[in-house]
Amino acid sequence: MAETFANATQVLEAFRGIKKVTIEEYFSSGHRTCQGCESALIMKLMVKAAGPRTIVLGSTGCMYVANTTYYTTPWVVPWMHTQLGSSGSAALGTAAGLKSLMRKGKMKAEPINVIAFCGDGGGADMPGSVKRLIHTRWKKNTAGMLAAGHTECRYVANVCGSYAVEMMNKVRRALTIGGPTFIHSLDPCPKGWDYDPMLSHELGELAIETGIFPLYEVEDHVVKYYGKTKAIVEGRARKPVREYLLKQGRFAHFIEEDLAYFQAKVDEMWEKWEIPGVIPFRRLERSKAALDAK
Ligand SMILES: Cc1ncc(C[n+]2csc(CCOP(=O)(O)OP(=O)(O)O)c2C)c(N)n1
Ligand code: SF4
């Protein structure tokens, strides 16, 4: 009789420092991404953290196009393309299929990681080009929405390739806990964002230091801040958002009014949110005051 297999996961211990990171590569040569592409770095680190018993699915976007040039691929583990906007459902189907095969004894029962990857267009928002500010609405807070609204998702995190070991350890934590889990990665893109490729790492750091992209995790609904984000929560001054925006050609047309708008949105996230940088509920004392007023 087949071994019973019910959502078991493996324990992937955190890498204790860069020297402890494994050397095996599962995303290697054979891709056509641009010089300085942080998404390619994330692919490499993500699957390195996950290990060989992993299947990756990716929706339409750069990480599909640039990694699947005819007759070449950097993927050492199985990889599958899925329709724009459907990476989550494709991953769920893949995991269910594996579980079924294991239950029927048609394949060895073991934990296999199923990771779905998508760009922000495929997972959250699709900006236009008509408005000066790119989009008529501020970006959706996808990680925060899942942390606040998904009752079964036990792990949500924000990561950036500029903090590589932390990023890999969050992937390992998510896979150890087992799905559904969600990680949002900020990946600087020299071509789309229009900057010198050598600035990729620095732009990732600036996204954190300006407070635009907070590094945190929510495990079993408990929030933990990381690195410079933690320092900001504890009182460290944020760098002005213009330091991040004006290094990118895509914002070269911004006038002072646009920069002030961005700054005000980020200030609001840190100064008025109940859980700064994570959940956009208003602070409790303000909510209480509103209730008392009724
Ligand atoms: C249903 C559908 N609509 C539109 C497209 C065209 N399309 C291909 S990639 C893409 C953008 C994807 O953006 P994102 O998910 O952010 O990925 P990125 O390339 O930025 O990593 C679009 C609109 C498509 N492939 N399928
Ligand atoms: S366009 Fe951007 S995301 Fe696509 S391969 Fe180039 S750097 Fe990477």
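Remember, it's 1-based here, ligands and their atoms both numbered in the order they're listed. Please read all numbers here as calculations on a predicted model, not as lab measurements. FYI, side chains are in, hydrogens and waters are out, and symmetry mates aren't considered; it's all heavy atoms of this structure.
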Note to self: Heavy-atom distances under 4.0 Å decide this one: backbone, side chain, both or neither, for Q83 against ligand 1?
What the structure shows: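 The answer is the side chain.
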
Just wondering, do [Y] and [X] contact through their side chains at under 4.5 Å, heavy atoms?
X: T33; Y: S39; value: no
X: L259; Y: V241; value: no
X: V56; Y: W75; value: yes
X: P214; Y: M269; value: yes

Nearest neighbour in protein (non-hydrogen) for [atom]:
atom: atom 15 (O) of ligand 1; answer: G122 N, 2.7 Å
atom: atom 2 (Fe) of ligand 2; answer: C189 SG, 2.3 Å
atom: atom 19 (O) of ligand 1; answer: C62 N, 2.8 Å
atom: atom 9 (S) of ligand 1; answer: T60 CG2, 3.8 Å
atom: atom 17 (O) of ligand 1; answer: G119 CA, 3.7 Å
atom: atom 5 (C) of ligand 1; answer: L84 CD2, 3.8 Å
atom: atom 8 (Fe) of ligand 2; answer: C37 SG, 2.3 Å
atom: atom 20 (O) of ligand 1; answer: D120 OD1, 4.5 Å

Using a 4.0 Å cutoff against the non-hydrogen atoms of [X], which atoms of ligand 2 qualify?
X: K191; answer: 1 (S)
X: T33; answer: 5 (S)
X: C62; answer: 1 (S), 3 (S), 4 (Fe), 5 (S)
X: C34; answer: 1 (S), 5 (S), 6 (Fe), 7 (S)

Notebook entry, point to check: Does V233 belong to the same Ile/Leu/Val/Met/Phe/Trp/Tyr cluster as Y163, with side-chain heavy atoms less than 4.5 Å apart forming each link?
Noted result: yes

Check: Counting from 1, what ligand 1 atoms have a heavy atom of G61 closer than 4.0 Å?
Finding: 9 (S), 17 (O), 19 (O)

Note to self: Show, in sequence, the C-alpha distance, side-chain angles and deciding distance for Q10 and N113, and conclude whether the side-chain contact (heavy atoms from CB on, under 4.5 Å) test is met.
What the structure shows: CA-CA 9 Å; Q10 73 279 51; N113 306 310; 3.0 Å; yes

Margin query: So that I can tick it off, tell me whether E166 and K170 are bridged by a salt bridge, with the cut-off set at under 4.0 angstrom between side-chain N and carboxylate O.
Written below: yes

Check: Mind checking whether P190 has a heavy atom under 4.0 Å from ligand 2?
Finding: yes

Check: Which residue, T68, N67, T60, forms the side-chain hydrogen bond (donor to acceptor under 3.5 Å, both in side chains) with H81?
Finding: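 When side-chain hydrogen bond (donor to acceptor under 3.5 Å, both in side chains) is applied between H81 and each of T68, N67, T60, only T60 qualifies.
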
Item checked: Heavy-atom donor-acceptor pair, N158 side chain to Y216 backbone, under 3.5 Å -> no

Note to self: How about OH on Y225, more than 12 heavy atoms from neighbouring residues, nucleotides or ligands closer than 6.0 Å, or not?
What the structure shows: yes

Next item on the list: Could you check which of G121, S87, G192 puts a non-hydrogen atom nearest to atom 13 (O) of ligand 1?
Entry: G121

